[in-house]
Amino acid sequence: MPEGHTIHRQARLQRAALAGERLRIWSPQGRFAAGAARLDGRELDDIEALGKHLLYRWDSGDTLHVHLGLFGKFKTFKSDPPPPTEMTRLAMANHRAVVYLAGPTICELITPEDEDGLRTRIGPDPLAEPRAGRRFAGNLSRRRIPIGAALLDQQIVAGVGNVYRAEVLFKCGIAPQRPADQLDGSDASALWSIIKSELRAGETAGRIVTVGPNDVGVRARKDIPPQERLYVYKRDGRPCRRCGDMVLRTEMANRLIWWCPTCQPC
DNA sequence: GGGTGATGCTGAG
DNA sequence: TCAGCCTCACCCC
C-alpha cells in the first residue's frame, strides 16, 4: 500500500529493527544478487524516506535505493520467520528481525550523483519537510494543469498517491478539475496542511483513514470500520458522507479520481 | 483455478 | 498516449 505514509512508516520501523548492526543480506529471487553480495555483512547506518523512495545508508558508503511501485511489499518478522519465497527480491536479517521485500519497481545501489538526480526531480515531501508549504504553493502556481493531476506529480509534492489526492481535495472542498495555477494562497496553504496531517495520521496508524468520526457516527478514528474510512475514493454512485449528493468518478492523469460535485464545486 | 484490477512510474512513439 | 513491468488479493466460475 505504497503512498508516502507507508514509506515513512517502513523507514521508521525498519530503522528501529535493523539499523546500527551488521546484517545478513541476500536475494532469494536472484535479481538483486550482486548488490546483496556487496552489502552482506555490512552495518546499516540509517534509512531515509523521500516521498515514495527509500534510501538505505551503509557503513561501506553504499546507498540502496528502493521504490515499491504499485505492487511492492515489505514483510517483517520478529520471530519464527518463514523462509522467503522465490519472489523475494531482497532479504535483510539480524538476530532479532527479518525483512523481506517483494515486487519493487526499484531495488538498486546508487551513486551520489544518482541520488542528487533523484532529489532534484522530486518536490517537497510533507512528512520530511513540513515547512515547505511555500515551495508547494510555488510549484502549483507554475502549472496549468488540473489540481487533481498536479497532486500525483511527484515534482510538485512527493508522497501523495491516488487515494490521498482524492481524499485531500474532498477535505479542502476543491474540485479536482480546478487549474492548479488558479488556486489562491489560502487554498494552497489549506491543501498543504491537510496533506501533511493526513499523511502523518496514515504513518501513525499504518492505514489510510481520512473520515472524521462525526461523519460516520463513532467516537474515534480508530473505531471506524474499514468500508467507512474514506470520503470519496472508490465511492462513485454512492451518497456523499457530508451532503448526500452522488459521488462522481472521472479519469485524470491516467488514473481514476472520485469527488463530490456539491462539496467540491468547480 | 482463471481473470482482473490496484495506493506507481517509465520510456517509446 | 499507451504499453509494459512488478505481485497478489479478490472475485467469479
Side-chain angles (χ1 to χ4, degrees), chain A residues 1-11 27-33 35-36 49-55 64-76 82-91 99-108 110 114 117-123 125-127 145-146 148-171 176 194-196 198-211 224 226-237 249-259:
Chain A
M1 309 167 214
E3 294 195 32
H5 69 297
T6 304
I7 304 308
H8 279 264
R9 182 178 171 86
Q10 284 297 325
S27 178
Q29 180 194 51
R31 288 184 56 180
F32 184 61
L50 201 65
K52 296 173 187 169
H53 302 261
L54 283 164
L55 299 172
L64 169 65
H65 175 208
V66 170
H67 190 290
L68 294 180
L70 190 51
F71 314 119
K73 276 188 180 61
F74 285 109
K75 283 184 186 159
T76 299
T85 72
E86 57 186 31
M87 294 303 176
T88 305
R89 182 83 55 92
L90 168 68
V99 174
Y100 295 143
L101 167 66
T105 295
I106 296 170
C107 175
E108 63 185 7
I110 59 169
D114 294 333
L118 173 64
R119 287 181 186 280
T120 55
R121 71 169 191 273
I122 68 172
D125 174 343
L127 290 176
I145 55 175
L151 292 184
L152 280 192
D153 184 338
Q154 302 296 299
Q155 294 197 46
I156 291 175
V157 53
V160 174
N162 207 29
V163 178
Y164 278 121
R165 77 156 167 172
E167 295 294 309
V168 300
L169 286 173
F170 175 85
K171 293 195 91 161
I194 293 283
I195 292 170
K196 255 191 322 192
E198 292 302 326
L199 284 175
R200 206 174 282 140
E203 198 275 351
T204 304
R207 63 171 70 107
I208 305 177
V209 181
T210 60
V211 300
I224 299 172
Q227 65 278 15
E228 300 190 4
R229 290 175 179 159
L230 304 173
Y231 282 108
V232 289
Y233 180 78
K234 284 195 173 169
R235 297 197 67 247
D236 50 302
R249 181 183 86 169
T250 190
E251 198 178 307
M252 191 169 284
N254 288 322
R255 315 283 299 277
L256 293 172
I257 186 168
W258 292 261
W259 88 101

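Worth saying up front: this structure is predicted, and the values here are computed from it rather than measured.
Contact of the A/Leu54 side chain with the A/His65 side chain is not registered, since no non-hydrogen atoms from C-beta on lie closer than 4.5 Å. The closest side-chain heavy-atom distance from A/Leu64 to A/Leu90 is below 4.5 Å.
Atom CD in A/Glu86 sits about 10 Å away from atom P in C/dC8, given to the nearest Å. Atom CG in A/Leu68 sits about 12 Å away from atom C1' in C/dT7, given to the nearest Å. In this entry the distance linking CE of A/Met252 with C1' of C/dT1 reads 17 Å, nearest Å. Note: CZ (A/Arg89) to C1' (C/dC5) measures 10 Å, nearest angstrom. Rounded to whole angstrom, the span from the CG atom of A/Leu54 across to the P atom of B/dC9 amounts to 13 Å. Between the CG atom of A/Leu256 and the P atom of B/dG5 there is a distance of 11 Å, rounded to whole Å. If you measure from atom CG of A/Asn254 to atom P of B/dT10, you get 13 Å, rounded to the nearest angstrom. Rounded to a whole Å, the CZ atom of A/Phe71 is 10 Å from the P atom of B/dA6.
One finds no side-chain N or O of A/Gln29 lying less than 4.0 angstrom from the OP1 or OP2 phosphate oxygen of C/dC6. OP1 and OP2 of C/dT7 both lie 4.0 Å or more from every side-chain N or O belonging to A/Lys73. Here A/Gln154 does not reach the OP1 or OP2 of B/dG8: none of its side-chain N or O atoms lies under 4.0 Å away.
Scanning all heavy atoms of the two residues, the minimum distance from A/Leu101 to A/Val66 falls at CD2-CG1, 3.9 Å. Here the closest heavy-atom approach between residue A/Glu3 and residue A/Val160 is recorded as OE1-C, 3.8 Å.
Tested against A/Trp258 for a side chain to side chain contact (heavy atoms under 4.5 Å, CB included), the candidates A/Glu167, A/Arg165, A/Lys234, A/Arg235 yield a single pass: A/Lys234.
Across the strands present, C/dC6 finds no partner; the criterion is a Watson-Crick or G-U wobble pair with both atom distances under 3.5 angstrom. Of all nucleotides present, none satisfies the Watson-Crick or G-U wobble test against B/dG13 with each distance under 3.5 Å.
No more than 12 heavy atoms of other residues, nucleotides or ligands lie within 6.0 Å of CD in A/Glu86, so this atom counts as exposed by the packing criterion.
The nucleotide whose nearest atom lies closest to any side-chain atom of A/Met87 is, among C/dC6, C/dT7, B/dA6, C/dT7. The A/Ala102 side chain lies nearest to C/dT7 when the options are B/dA6, B/dC9, C/dT7. Among the nucleotides B/dT10, C/dC8, B/dG8, the one closest to any side-chain atom of A/His67 is B/dG8. Distances were taken from every side-chain heavy atom of A/Arg31 (C-beta onward) to each of B/dG8, C/dC6, C/dC8; the shortest belongs to C/dC6. For A/Pro2, counting side-chain heavy atoms from C-beta on, the closest listed nucleotide (C/dC8, B/dA6, B/dG8) is B/dG8.
Among the heavy atoms of the strands lying under 4.0 Å from A/Ile208 is at least one base atom, whether or not backbone atoms are also near.
A gap of 22 Å separates the C1' atoms of C/dC8 and B/dT10, to the nearest Å. Separation of the P atoms belonging to B/dT4 and C/dA3 is 15 Å when rounded to the nearest angstrom.
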